[in-house]
Each structure stands twice: as structure tokens, then as C-alpha cells.
Amino acid sequence: MARYNAKESERYWQGVWDDRALFVTPVESEKPKCYVLEMFPYPSGRIHMGHTRNYTMGDVIARFRRAQGYNVLHPMGWDAFGLPAENAARDKGVSPRDWTYENIAAMRTQLKMMGLSIDWTREFATCDPAYYHQQQKLFLDFYKAGFVYRGEADVNWDPVDMTVLANEQVIDGRGWRSGALVERRKLSQWFFKITDFSEELLNALDTLERWPEKVRVMQKNWIGRSEGLKFQFALSNGGKLDVFTTRPDTLFGASFVALSPEHPLAQELAQKDKALADFIVECRKTGTAEAEIEKAEKLGYDTGLTAAHPFDPSWKLKVMVANFVLMGYGTGAIFGCPAHDQRDLDFARKYGLCVTPVVVPSDADPKTFSVGTEAYTGPGKLANSQFLDGMTVEEAKAEVAARLEKAGMGERTVNYRLRDWLVSRQRPWGCPIPMVHCPICGVVPVPEGSLPVLLPDKINFSVRGNPLDADLDWKTSVCPSCGEAAVRDTDTLDTFADSSWYFARFTDPTSDTPVNKQAADYWLPVDQYIGGIEHAILHLLYARFFTRAMNKLGMVSTPEPFAGLFTQGMVCHETYKDDEGNWVSPDEVEKKGGKAFLRSSGAALEIGASEKMSKSKKNVIAPEEIIDVYGADTIRWFMLSDTPPERDVEWTDAGAEGCWRFVQRVWRLAGEAEGLAPVGTAPTADDEISKALRQATHRAIAAVTEDLALLRFNRAVAQAYMLANAMADGEKANPAARREAAEALVLLTAPMMPHLAEACWQGLGHKTLAAQTPWPVHDPALLKSDTITIAVQVNGKRRCEVTVAADAGNKTVEAAALALDGVIRALDGAAPKKVIVVPGRIVNIVA
RNA sequence: GCGGGCGUGGUGGAACUGGUAGACGCGCCAGACUCAAAAUCUGGUACCGAAAGGUGUGUCGGUUCGAUUCCGACCGCCCGCACCA
């Protein structure tokens, strides 16, 4: 029999699917819906192994659910705005638009070679004017609803390139491109009011049952809810100072009050105090580099002001400015209780402030309990605290809160770590913010009828700063309100905005509103979303925020975008280094007996750890080369085999060859079954071998169905191997049973190796397509056997096994077990004290 | 420091809610076919032991008739957050 020609076959079947528009999703359907989505790619120009893993998993689910009778939506698009296009434009002198669309065309071709069952009629790129037109409408809808506001923000400003930089673009305090020292500047910027949704976003995490626990925990920590008390200190200068604390119980242990260097009061005092101003500048320097923060010494500056203790106005606390107090959390001011907070303790020890324990552990004596170099943060009873003495921490918290609230000096509040989302970017390759700045009317939204605000045809990258800002033709506009000359907002939206609602747009990508509610309500939420763990917080949190905001505006009915989330692991490969320490690419390497040599010279190479494929370590394998050699089905099968999908997988040549062998094996097994019995022959099990084969077939159907539903692809793969092995054992089975097994093998592997399945299915004499064939259903009667073999233990140690009738009673099983030679030998004449029989599982004899 | 996860053969990994540890793949070994090789097929493969048997899921202890699974302590690795009051 001829070997399977993957290349030819794959091209052929992809053509057949295309011609029949097999994966174009019908608008109306009586079937239950299933929306399968993988995180859409950035159009870098070529797909990498990570993409093939991600999209293969999604495709398996899409094909599996389609076969099970679901109406499946499985679309694809492009996250097409962003920096790489700007860099390419600047470096190569091409337009970012052309560069992006050329990359999209190249990647689309590569993805199509994978044989993915995607509805390509719904494809769009976020840089399509039609898409960002709707995004601008959405922005204005959010603006009208109060979800968008303009505020001042501290940003990383590169004074040479005259642009804002993202945090990761600042290296050692300098711009990554210009090398200039980055300044912190206060700029007026647009914000999305994600903090309005803090509570909802947090609470709803509990409803996301099909999300990884890990991601939910990360989001929970990111939102960072803490309950506490906000209250006021009266200051010696007559002013008031708000502080936030989660430990109001420790108020009598207070020994100072501290302000953030960025606190308005600190700033105000610095205007008349040169030394304080210098101190604040000093704090700012150490404040940026992340690694240093950990080791940074606690520094403080005594303002000379004092604060009166709320329960004893004669008790004065020093007001310090301290480098460890954050302006962005709470009120930017705290009271320090050194005995029960490590940071406060470090600070107090350095500046000689008093340390009074007010919470004493239950096993310690309040009279002698003291705090040395470690703050006590555990539970205990209050002491040295007047009316709080003897209370538990919880009781004391409530008492202090109640008293301060009653006195009008404070209130219980909930604080969040989450901050509003700054979306302004001084970048030319993004969605223009549809706002106009008028010298008379101020900030005015562009009227809906004047949308979209299109990007200019030509973007000049030779100017300093944002090309949109330098493009006077583009920038100049008129005020929609008064008609006077005005300028456009030259900022664009953070590209995370683009990916925050694309899943909703896919449900009707041509709608002339951002979403078509009817379509969105039919399809949303996404039933299975698949992507990398690196998006655990930002993308997924932003998408949840957008969905909630759209929900509030009545645009979609679902509050959550993704009912099921799966985060797949990375694709890794061994690394190689030559004797000079240079990385060597796998295609220059020859491996012999577990050692690596340079193919060109034969020089020995050092084999390093398996790491995520990356250009810098040169350990990249190009998917198109693998497809070229083995075909798409082999690479798909590899991506699903062995390693659980959430873990990192290592690409190996040997593994790929193993997959290729299996492709051939399935082809051969199907070919052997071909002429045995006509299509549709009812299988019978009139002899032992046929019965065993039929049982193996139906066990495989049951197992693969369950495994695929739970995304346990590696186990589904193992089940397919087992069925193939059973077919080899069942060569003597009757023709109908062999055909049944072959058809099951083909259909069960069809979602994973779809081209091979079509070829085999045709070979088996079918006129229909495997992709349109219903999923096989197992016969429960064939999962049961007449006899079962169970293990027999003596004192918990396995000694032998016994084969009994499946419906044998415990007494029968017990008697059979006790009669076994192995048991008699192990008992060595002793009488069994107790016999435990777990039906169908085990017998344990206690001697 | 805080939070989360993970430790099983030469190797990737199976083992459902405590019930035959090592499914399935890779690798390796042997055999068949072949002039030979490749491909393919068949068998074997946790460790010690000639065998009987013994030992084994990071380490130590506990619960249990029975523990990879549950509990406690420790060791090691990975990920996330990090002066959040």
C-alpha cells in the first residue's frame, strides 16, 4: 500500500473544505451554540510553535463540538496596532499599514496550512478603519456614560524622543531607544474608570468556575481589596490629615504619622523648606528602580509638624515624610505603629521612635512582652490601650471604628489596589481618540456622524515625538461645538483596548454599531477561550471591564466575556552553545548518542536547558519547515501528545518522528479495514476476538469523548494509541468489527488530524466528509465485561489476582481469594482476621 | 516576605471521588523481513535478586485494612505579587 502523502492530501482536503464553505458559521441555527476562541495573534509576519499549539487546541475543540452537533463559532483576526509596525516603518521606511497587511497575508497563508476549521469570512484586523471606527463609537459611548475621564498622571517621558514610554521601555532610568534620562511628567491623559467596577470584578471571579484557579487568584491580588478605616488627624498647623489603616486596633501603639513624598501636604511644605524639597527629590531617584525598592533603606524627614492623637488630643505624634509611603494607595498618609508593622518598626528603630506593643499573644505576659527587631502581627489581646484593653484584635478594630465614626472623625472604607486604566498613548499606529480640543469649549467629542477619525495616509516617522502631533494637516480641525479652529487629540488608545472587545465584534463583524446585540447575546459569553498565561491579568481584566461596561450600556446581556478559560503552556526546545559561548541553532546541530555536534565542522557543542523558544537563544523551530517535511497533522498531533496542555512542552525531533509514524499507522490500519465489509455493515461480536475488539473500540469512544470535553488532549492521544494497538491484536476479528474499529479510530482522531481523517474516511468508502460526520457514541453494554480481574492483597500488600464473574457477590469473591495459592502461602497457616472486599476493585485480607 | 503550584522509571507523562503504581509515547534491547540498510512488524524494558522474594511515587512522621492520592513537618524546583499600611 502506498504511503500517506501528507502534503498532497492536506492541500486537497483544505480545498474541499473551502469549496464547500464548511466552516462558515450559519447565522441562524436550531443547534446549541459553542463559541471557541483562541487569543488572536499579533501579525508579526510568521507563525511560531506557540501559535500552532494554541490554535491546534482550539481547533480540536471546535471540530469536536461541531461533530457533537453544536453550532460552533471559531473565528480569527489580528491584533494589528502597536509598536513593532512603527519600528519596522522607521527602520525600513515602509508604511506601518503596508507592513502590517503584508504580515497578515503571510500569516493567514501559514495558518491555513494548519487546516484550522476557522470561519474566515469573519476575519478582521484591529487596524481596519471599519473596526476602529466602531471602537471610537464605543469610546464615546463610554465617555457619555462616565466610564472615561481626563486626568493628570505621572508618566515616563523621554525628553529626546518627546514621547511617553511604557514602564518596560525604561531601562535603568533611560529611554530604551534614545538613551536619555527619563523624566516623570504630569500629563493630562485619558483614563477608563475601571475602579468603578473593582467590587464587581472581584466578586464575579467566584462565578468563573471554568477559569484556572491561578488566574483568579492573580486577578484577586491585583484588585487588592482591603477593608479598613479612614480617619483624620488634627495637625499643629490647624490643618487636617486623612490616613487609611487596616489596623485601627493598634491606634494606641502609634508613634508617628508619615506622609508620602508625593503627598500634597509634603509638596506644600517643601516650598518653604529647601531640605525637605531635596529629600523629596532624593526619594524620587530611588523610587523608580524596582529591584532597589526591596533593599532600600527606610528614610524619613521630620516636618516639624505634629498630629494630635484622636483619642487623646494632648498626645502629639511627629509628622514625618517617609520614602516608603505610597501616594497611590489609600490616602498617601499613614500612622506608624512600630510594634505591629515591620516597616514601621524598621523606621522607628532608625529614628529612635518609641515602640509600644498593644497586641499581646495569648501565651505572653502583657507586663513583660516586648518587640525587638520583628514586629508582632499575629492575634492576641489588646494592652496599653485604655478602653481597648483585653479585647481581641477584631473587637478592638470594631470599637475604634465605631467611636471615630460616632465622633465624625472617620469612616470605615474599602480600599483597592486597582487603579484606573490610563489609555492615552503618544503613538501614531493606534486607534485615534475621537476628541477635539477647542480653545473656547475645551474638550469636545467628535460627533458620531463625523466618525471615523481616520489615521493619516502617510505617517512621517522622521519627526521627533508623535508623528500625529507633528502632522498639522491632520491635527487641525474645527470645534464641533462652536465651529472655531481647534486641534484633534493626537493620542491613540492603548492597544489593550483593541483586544478588549474583539470577541464581541466577531459575533457580527459587519454590524454598523460596535456590537449587534442579537448576535452578541446568542454567542456570548465565549464558551472556551484559550491563550497564554502571560495575559492572566491585563488583557483578561480589561476584557472583563469592557464587557461589564458594555453590559451596563445595554449592548450585551452577559456581564462576563469568557465562561471557560484555558491557559496553555509554552513550547520549549533544547539550547546549544559552542565553545565560545555562542548560541547555536538546532538546524546547525547534529545529534549522536545524546551528544550534540556542529553539522558543518563536527565540533562538539554544549547542550543546555530546554527553554522557551526565542530568537535570542536561537532555539527556534519554524512550524512551516515541519509542515513541509511531515505535514500539518503531524505537528498538530505532536502538540496534543504526551504533555498536559497547561504545561510547557518540549519539541523534539524524535517525538515528531513518532507522530509521523502514527500518521502512517492510522493510514495503514484504515487501509487494511477498507475492503473487509461494506459501509454500514452492523458489527457483531460472536467470537472472543471480535468481542474484545468491539469492547476496545467502545472503551476508546467513551474515553476520548470524555478527555476531549475536559481538554485532556494528551490522554485522548493515549487512548487513540490503545485503540490502534487493539486493532493490531484484533486482526482475526470479524470484518465488521474491524471496520467499526477503523472508523472509530478515524473519527476519534479527526479533530486532531483532520486531513488524515478525511483521506481515511474516503478510503473506507464513505462519500461524506469526516468533518461532517456525527461524533461516534459508545454502546454502554460493550463497556462491561462478564468477568473481572481484581487484585488480592494480604495486609495491604498485593500478592496475586483473582478473576471472577463481574456480578459475583462479596462472599464468592472472598472464597475465591482465600483459595488462591499465593494467599495461602502468604498467610502461612494463620487465620484471616478480617477480609475487606471492595466490589470490582480489590480484596484485602488482614492476617 | 506574601500568595499559588509542583516533585512518579533512562525520558515526556498515566493512575477517576484513598483500592493492582508506571497506561500511552519516546528511547533502549532482542527477534522477524532484507544480500544489506532504511521503513515496517513482533516481543521485552521501575530497581535489587539466579529464583523465591524484596524495595520503590523528594525526605521524615501520622491517619487507614489499604496512601502517588488525605494530614503535619522538612528539603528542592517553578510561577505570580511585592514597602498596598
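By convention in this document, chain letters (A, B, ...) are assigned in the order of the sequence lines, proteins followed by strands, and residues within each chain are numbered from 1. Predicted model, so just to flag it, every value in this text is computed and none were measured.
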Next on the checklist: Distance check, C1' atoms only: U68(B) and G7(B), in whole angstrom units.
Outcome noted: 11 Å

Item to check | Shortest non-hydrogen contact from A696(A) toward A726(A) | outcome: CB-CB, 3.6 Å

Item to check | R349(A) (side chain) donor-acceptor with T373(A) (main chain) under 3.5 angstrom | outcome: no

Checklist entry - M218(A) has a side chain; which of G80(B), C65(B), A85(B) sits nearest to it? => result G80(B)

Next on the checklist: Could you tell me how far apart D729(A) (CG) and G43(B) (C1') are, to the nearest whole angstrom?
Outcome noted: 12 Å

Item to check | Shortest non-hydrogen separation from V704(A) to A716(A) and the atoms involved | outcome: CG2-O, 3.9 Å

Next on the checklist: Quick check on G9(B): syn or anti? Syn means the glycosidic torsion is within 90 degrees of zero.
Outcome noted: syn

Checklist entry - Does a distance-only test, which skips hydrogens and angles, find a donor-acceptor pair under 3.5 Å between the side chain of R343(A) and the base of A85(B)? => result yes

Checklist entry - Is A728(A) touching bases, backbone alone, or none of the nucleic acid, heavy atoms closer than 4.0 Å? => result sugar-phosphate

Checklist entry - Rounding to a whole Å, what distance do you find between Q664(A):CD and C41(B):P? => result 10 Å

Checklist entry - Any side-chain N or O of R712(A) under 4.0 Å from OP1/OP2 of A14(B)? => result no

Checklist entry - Backbone N or O of R343(A) within a donor-acceptor pair of the D341(A) side chain at under 3.5 Å? => result yes

Item to check | Polar pair under 3.5 Å, donor/acceptor by atom type, side chain K298(A), base C83(B) | outcome: yes

Next on the checklist: Just the rounded figure in Å: distance from C1' of A85(B) to CG of D346(A).
Outcome noted: 14 Å

Checklist entry - Hey, is the main chain of I194(A) close enough, under 3.5 Å, to the side chain of D420(A) for a donor-acceptor pair? => result yes

Next on the checklist: I want to check one thing: is the phosphate of G25(B), taken as OP1 and OP2, less than 4.0 Å away from some side-chain N or O of N725(A)?
Outcome noted: yes

Next on the checklist: Categorize V717(A) for me: base, sugar-phosphate, or nothing, with a 4.0 angstrom heavy-atom threshold over every strand shown.
Outcome noted: nothing

Next on the checklist: With a 3.5 Å distance limit and no angle check, can you tell me whether Q568(A) reaches the backbone of P645(A) through a side-chain donor-acceptor pair?
Outcome noted: no

Next on the checklist: Quick test of your reading of the model: are K811(A) and E814(A) salt-bridged, counting only N-O distances below 4.0 Å?
Outcome noted: no

Checklist entry - Can you check the D648(A) CG to C6(B) P distance for me, whole Å? => result 15 Å

Checklist outcome for this item: Whether each nucleotide of nucleotides 17-22 of chain B has a protein heavy atom under 4.0 Å at its base (B), only at its sugar-phosphate (S) or at neither (-) is summarised, 5' to 3', as --BBS-

Item to check | Interatomic distance, L540(A) atom CG to T567(A) atom OG1 [nearest 0.5 angstrom] | outcome: 9.0 Å

N/O to N/O distances under 3.5 Å, protein versus nucleotides 45-53 of chain B:
residue, atom, partner, partner atom, Å
G53(B), OP1, R825(A), NH1, 2.7

Next on the checklist: In terms of relative ring orientation, are Y4(A) and W667(A) parallel, tilted or perpendicular, with 30° and 60° separating the classes?
Outcome noted: tilted

Checklist entry - Are any side-chain N or O atoms of R636(A) and backbone N or O atoms of P751(A), one a donor and one an acceptor, separated by less than 3.5 Å? => result yes

Checklist entry - Got a sec: does the CZ of R419(A) have more than 12 other heavy atoms crowding it under 6.0 Å? => result no

Item to check | Euclidean distance for C1', G56(B) against U20(B) (whole angstrom) | outcome: 15 Å

Item to check | Any side-chain heavy-atom pair of M57(A) and L711(A) under 4.5 Å | outcome: no

Checklist entry - Atom CZ of F662(A) to atom P of U40(B): distance rounded to whole Å? => result 13 Å

Checklist entry - Closer than 4.0 Å, any side-chain N/O of R668(A) to the OP1 or OP2 of C41(B)? => result yes

Checklist outcome for this item: A correct dot-bracket answer for RNA chain B, with pairs being Watson-Crick or G-U at under 3.5 Å, [ ] for crossing pairs and | for inter-strand pairs, is (((((((..(((......[....)))((((((.......))))))(((....)))..(((((..]....))))))))))))....

Next on the checklist: Mind checking if N714(A) touches a base, just sugar-phosphate, or nothing, with heavy atoms under 4.0 Å?
Outcome noted: sugar-phosphate

Next on the checklist: Is the phosphate of U55(B) approached by K797(A) (side-chain N or O, under 4.0 Å from OP1 or OP2)?
Outcome noted: yes

Item to check | Partners passing salt bridge (Lys or Arg N to Asp or Glu O under 4.0 Å) against D707(A) (at least two apart in sequence or in another chain) | outcome: R712(A), R715(A)

Checklist entry - G66(B) and A21(B): how far apart are their C1' atoms, nearest whole angstrom? => result 14 Å

Next on the checklist: Measuring only the C1' atom in each nucleotide, how far is G27(B) from U63(B)? A whole number of Å is fine.
Outcome noted: 41 Å

Item to check | Separation between the P atoms of G1(B) and G10(B), rounded to whole Å | outcome: 34 Å

Item to check | Whole angstrom value for the distance that separates C1' of G4(B) from CD1 of I537(A) | outcome: 12 Å

Checklist entry - Reckon S641(A) touches a base, only the sugar-phosphate, or nothing at all at heavy-atom distances under 4.0 Å? => result nothing

Next on the checklist: Using side-chain heavy atoms (C-beta onward) and a distance below 4.5 Å, is H263(A) in contact with L241(A)?
Outcome noted: yes

Checklist entry - Looking at the rings of Y351(A) and F256(A), which for Trp means the six-membered one, are their centres under 6.0 Å apart? => result no

Checklist outcome for this item: Quick tally for nucleotides 26-32 of chain B: nucleotides whose base has a protein heavy atom under 4.0 Å get B, sugar-phosphate-only ones S, the rest -, giving SS-----

Checklist entry - Taking the same atom, C1', in U11(B) and in C65(B), what whole-Å distance lies between them? => result 36 Å

Item to check | Residue pairs involving residues 833-847 of chain A (criterion side chain to side chain donor-acceptor pair (under 3.5 Å); sequence neighbours excluded) | outcome: none

Checklist entry - Does P586(A) reach the side chain of Y576(A), with side-chain heavy atoms less than 4.5 Å apart? => result yes

Next on the checklist: If you assign R647(A) and Y416(A) each to the RNA chain B nucleotide with the nearest heavy atom, which residue ends up on the more 5' nucleotide?
Outcome noted: R647(A)

Item to check | Whole-Å distance separating the CD atom of E646(A) from the P atom of C6(B) | outcome: 10 Å

Next on the checklist: Can you measure F713(A) atom CZ to G13(B) atom P for me and round it to whole angstrom units?
Outcome noted: 17 Å

Checklist entry - Closer to the 5' end of RNA chain B via nearest nucleotide, is it E213(A) or G328(A)? => result E213(A)

Item to check | P atoms of G25(B) and A46(B), separation to the nearest Å | outcome: 15 Å

Next on the checklist: Taking only the P atom of each, what is the distance from C70(B) to G5(B) in whole angstrom?
Outcome noted: 11 Å

